Structures are given as structure tokens and as C-alpha cells.
Amino acid sequence: MPRTTGGRTPARPTSAEQRRRHARILRSAARLGAKHGLEGMQMHDVARESGVAIATLYRYFPSKTHLFAAVMRARILRLDAGTPAPPPGTGRVEAVTDLLTGASRQLFEQPLLALAMMHSHHVAPVGESGPARRTDEILADLVLRTAGVSDPTERDRRVVRILQQAWYGLLTTVLYERSSAEAAQDGIRLACRLLLGPARSPGADGLHRGLGD
């Protein structure tokens with residue numbers, strides 16, 4: 001198994017040149033990870049392809065799990081920046097379903113990379129400090145925005161966390177070849193309906209006061 005922590009706190013790029021170098025490393029890791037997966041990819045190959053010294057690579061990413069967790073964070077940030085507002089009249093269940101099923105299709109196109117990112121995200125999530133946000137929080141905010149929730153309550157955030165956990169679990173069943181992509185997409189649709197759709201109970205007025213209500 002790859003190392004999970006490397007025993008060091010990852011350095012952060014501060015200058016423009018360091019940020020460009022950091023981005024090159026992530027792009028190289030994504031390309032090599034898509035070909036070889038977490039176990040098969042070598043850090044020396046990432047350093048060589050991205051044009052950095054191996055010591056520089058390990059300064060930013062003390063282990064492969066740190067590296068692939070950072071790749072996943074970059075992918076979620078790209079998804080966040082590139083997702084437009086749903087068309088007018090789109091219900092929140094449909095909007096979030098489209099978001100998560102679309103993201104799933106992209107992950108399934110590169111299963112070795114997706115598995116490396118998912119494993120690394122859960123084993124060694126990238127630490128943030130200051131204004132930076134954790135990967136899960138970025139995705140949660142995107143789901144809430146897509147659902148049209150501008151002022152989420154703690155209950156709203158709890159519902160979204162459960163939906164994220166369901167999504168991660170469904171993705172993992174496909175990546176470990178325990179389920180088909182079609183079955184996972186059906187599961188995502190069902191999870192969105194159950195968690196984000198209206199919940200009616202005796203005496204309820206049927207108004208949506210929050211996610212799941």
C-alpha cells in the first residue's frame with residue numbers, strides 16, 4: 001500500500017511560478033494516474049513529466065495519497081467553477097441529479113484515476129488553512145447552490161452531507177466493479193429524490209421549508 005501521510009505537512013505554492021509548477025504536477029499526476037492507477041504510478045515519473053525535481057514534488061506532496069487527494073480537489077474546484085446555474089423552472093431534484101450524474105460519467109471515463117482520487121480523498125484529505133475550503137465543503141456548497149438554497153440551515157447541510165456520502169458510496173461500487181455504471185446512476189437519482197424531494201407527513205402543509213421538507 002502507498003504511504004498515507006509521508007510524515008510532513010505539505011508546502012503551499014505562494015508565488016505565480018510556484019502555482020504554475022503546482023498545476024503542472026497535478027496535470028501530470030492526472031495523466032499518469034489515468035494510465036497506471038494509484039499503485040502503478042511512480043512519483044519519479046510525475047516529477048520527470050512535470051519538469052520538477054523529486055524533492056520539489058515531495059515538498060508539495062509527501063505521498064501519492066496527498067497528490068491524488070489534491071488532484072480530486074482540483075477536479076471539484078473545476079466542476080464548481082464550470083457548473084452554470086440550472087435553467088429557469090428546473091426543480092432542485094432534477095438539477096442536483098443532473099449535476100451528480102454528469103460528474104459521475106466523467107469519473108467513470110477514467111476509472112483508475114477516479115479510484116486513486118476517491119481512495120486518497122478518504123485516506124489523506126488535503127489539509128487547508130485560512131480561507132481555503134475542504135474538498136467536501138466545496139462540493140456541498142455547489143450542491144446547495146444547484147438546489148437553489150442560498151441560505152442553508154444546519155439541517156440542509158446535514159442532508160447534503162448524507163447525499164455526498166451516498167454518492168461516494170455508489171461511485172465506489174462501480175470503481176471496484178461491484179456494480180454497473182447504470183445501476184449507480186439509478187441509485188444517484190433515487191438518493192436525490194429521497195433526500196431532496198418533498199417529505200409529506202400527517203398534518204404537514206406540503207410547503208418546502210428546506211431540503212427534504
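In this text the structure is predicted, and so the values were computed from the model without any measurement.
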Same cluster (ILVMFWY, side-chain, under 4.5 Å), Val160 and Leu77: yes
CD (Glu177) with more than 12 external heavy atoms under 6.0 Å: no
Arg92 side chain to Leu196 backbone, donor-acceptor under 3.5 Å: yes
CA sep, side-chain torsions, deciding dist, call: Arg161, Glu154, salt bridge (charged side-chain N to carboxylate O under 4.0 Å, His left out): CA-CA 10 Å; Arg161 283 196 296 270; Glu154 178 53 36; 3.0 Å; yes
Side-chain donor or acceptor of Lys64 paired with backbone N/O of Met41 under 3.5 Å: yes
His121 and Asp136 side chains, donor-acceptor separation under 3.5 Å: yes
Where Ala70 and Leu26 come nearest, the two heavy atoms and their spacing: CB-CD2, 3.8 Å
Residue pair Ala183 / Ser180: nearest heavy atoms and the distance that separates them: N-OG, 3.0 Å
Check: Thr173 side chain, Leu170 main-chain N or O, donor-acceptor pair, under 3.5 Å: yes
His119-Phe68 aromatic ring centre distance below 6.0 Å: no
Arg73 and Ile138: CA distance, side-chain angles, deciding distance, side chain to side chain contact (heavy atoms under 4.5 Å, CB included) verdict: CA-CA 9 Å; Arg73 184 173 187 270; Ile138 297 167; 4.0 Å; yes
Validation row: Leu139, Trp167 side chains within 4.5 angstrom (heavy atoms): yes
All side chain to side chain contact (heavy atoms under 4.5 Å, CB included) counterparts of Thr90, not counting sequence neighbours: Pro86, Pro87, Glu94, Ala95
Residues which pass salt bridge (charged side-chain N to carboxylate O under 4.0 Å, His left out) with Asp186, listed by chain and number, not counting sequence neighbours: Arg189
Derivation and outcome, side chain to side chain contact (heavy atoms under 4.5 Å, CB included), residues Phe61 and Val71: CA-CA 11 Å; Phe61 306 104; Val71 172; over 6 Å; no
Within-4.5 Å side-chain heavy-atom neighbours: Leu67 and Ser120: no
From CZ (Arg145) to CG (Leu99), nearest 0.5 Å: 9.0 Å
Distance (rounded to the nearest 0.5 Å) between Leu57 CG and His66 NE2: 12.0 Å
Distance-minimising heavy-atom pair for Ser179 and Ala184: OG-N, 4.2 Å
Ring-ring centroid check His122 Tyr168, cutoff 6.0 Å: yes
Cation-aromatic face contact Arg105/Phe108, 6.0 Å, 45 degrees: no
Side-chain (Gln110) to main-chain (Ala34) donor-acceptor, under 3.5 angstrom: no
Whether Arg59 side chain and Ala11 backbone form a donor-acceptor pair below 3.5 Å: no
Ile25 vs His22, side chain to side chain contact (heavy atoms under 4.5 Å, CB included): CA-CA, chis, key distance, verdict: CA-CA 5 Å; Ile25 292 171; His22 192 272; 5.6 Å; no
Check: Glu49 side chain, Asp45 main-chain N or O, donor-acceptor pair, under 3.5 Å: no
Under 3.5 Å: donor-acceptor pair, side chain of Thr146, backbone of Leu142: yes
Ala16: side chain to side chain contact (heavy atoms under 4.5 Å, CB included) partners, not counting sequence neighbours: Arg19, Arg20
Gln42 CD to Ile54 CD1 distance, which is reported to the nearest 0.5 Å: 9.5 Å
Full working for ring pair (Phe, Tyr, Trp, His ring centres under 6.0 Å) between Tyr58 and His44: CA-CA 10 Å; Tyr58 276 113; His44 279 88; 7.3 Å; no
Gln106 side, atom CD; Arg75 side, atom CZ - distance, nearest 0.5 Å: 8.5 Å
Interatomic distance, Leu32 atom CG to Leu112 atom CG [nearest 0.5 angstrom]: 12.0 Å
Steps toward side chain to side chain contact (heavy atoms under 4.5 Å, CB included) verdict (Leu163, Cys192): CA-CA 7 Å; Leu163 179 59; Cys192 288; 4.2 Å; yes
Spacing of Met117 atom CE and Leu171 atom CG [to the nearest 0.5 Å]: 9.5 Å
